[in-house]
Trainee: 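Just dropping this structure here.
All residue numbers in this chain count up from 1 along the given sequence. Fair warning: this is a prediction, and the values are worked out from it, not measured in the lab.
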Amino acid sequence: MATRGERRPAAAGALLARAWRAVVWYGKGLTGESRYDAYVVHARAAHPDREPMSRDAYWRDYAKWQDANPQGRCC
């Protein structure tokens, strides 16, 4: 049986990994990178017969859409 002191490094590592995943998730949401992931989930659910656009094609299409539909944004 593991002693209390032997379990701490494993628990600390798990906590650190969980914190890192949260930081990555937040960063992707902040930068908009999670938009592509959401698009892929939607495309596969709504259109299972079609292959989703590649990441590059998605961002080109999104930029084209933003230019055609200007909205209040910082940049």
Side-chain angles (χ1 to χ4, degrees):
M1 182 171 179
T3 65
R4 187 174 178 185
E6 292 172 349
R7 287 181 282 175
R8 283 190 181 155
L15 183 61
L16 185 60
R18 184 176 176 193
W20 178 250
R21 285 192 302 271
V23 168
V24 169
W25 172 84
Y26 182 76
K28 285 183 175 186
L30 192 64
T31 62
E33 188 177 345
S34 63
R35 289 180 189 259
Y36 177 73
D37 298 332
Y39 156 74
V40 170
V41 168
H42 166 76
R44 288 191 174 142
H47 311 285
D49 55 325
R50 290 189 265 169
E51 186 69 26
M53 288 187 274
S54 69
R55 188 175 294 270
D56 291 338
Y58 170 80
W59 285 113
R60 280 192 299 271
D61 187 62
Y62 185 73
K64 191 186 319 178
W65 178 85
Q66 279 187 323
D67 289 343
N69 302 291
Q71 300 173 2
R73 59 181 193 246
C74 68
C75 306

Trainee: For the residue pair Y62 and Y58, categorise the inter-ring angle as parallel (less than 30°), tilted (30 to 60°) or perpendicular (more than 60°).
Mentor: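 Taking Y58 first and then Y62, their aromatic rings lie parallel (interplane angle under 30°).
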Trainee: Answer yes if Y39 and W65 sit in the same cluster of Ile, Leu, Val, Met, Phe, Trp and Tyr residues linked by side chain heavy atoms under 4.5 Å apart, and no otherwise.
Mentor: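 Both belong to a single hydrophobic cluster.
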Trainee: Determine whether R55 and D37 make a side-chain contact, defined as any pair of heavy atoms from C-beta on separated by less than 4.5 Å.
Mentor: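 R55 vs D37: side chains touch.
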Trainee: Honestly curious: do L16 and V23 fall in one hydrophobic cluster under the side-chain, below-4.5 Å linking rule?
Mentor: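 The answer is no; the residues belong to distinct hydrophobic clusters.
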Trainee: Minimum heavy-atom separation for M53 to Y36, with atom names?
Mentor: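 Result for this residue pair: O-OH, 2.9 Å.
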Trainee: Looking only at heavy atoms, what is the nearest atom pair of G29 and S34, with distance?
Mentor: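 Between these two residues, the closest heavy atoms are CA-OG, 3.7 Å.
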Trainee: Answer yes when R44 and D49 have at least one side-chain N-carboxylate O distance shorter than 4.0 Å, and no when they do not.
Mentor: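 Looking at R44 and D49, the cut-off is not met.
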Trainee: Looking at NZ of K64 and CH2 of W59, how far apart are the two atoms once the value is rounded to the nearest 0.5 Å?
Mentor: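 Atom-to-atom, K64:NZ and W59:CH2 are 15.0 Å apart.
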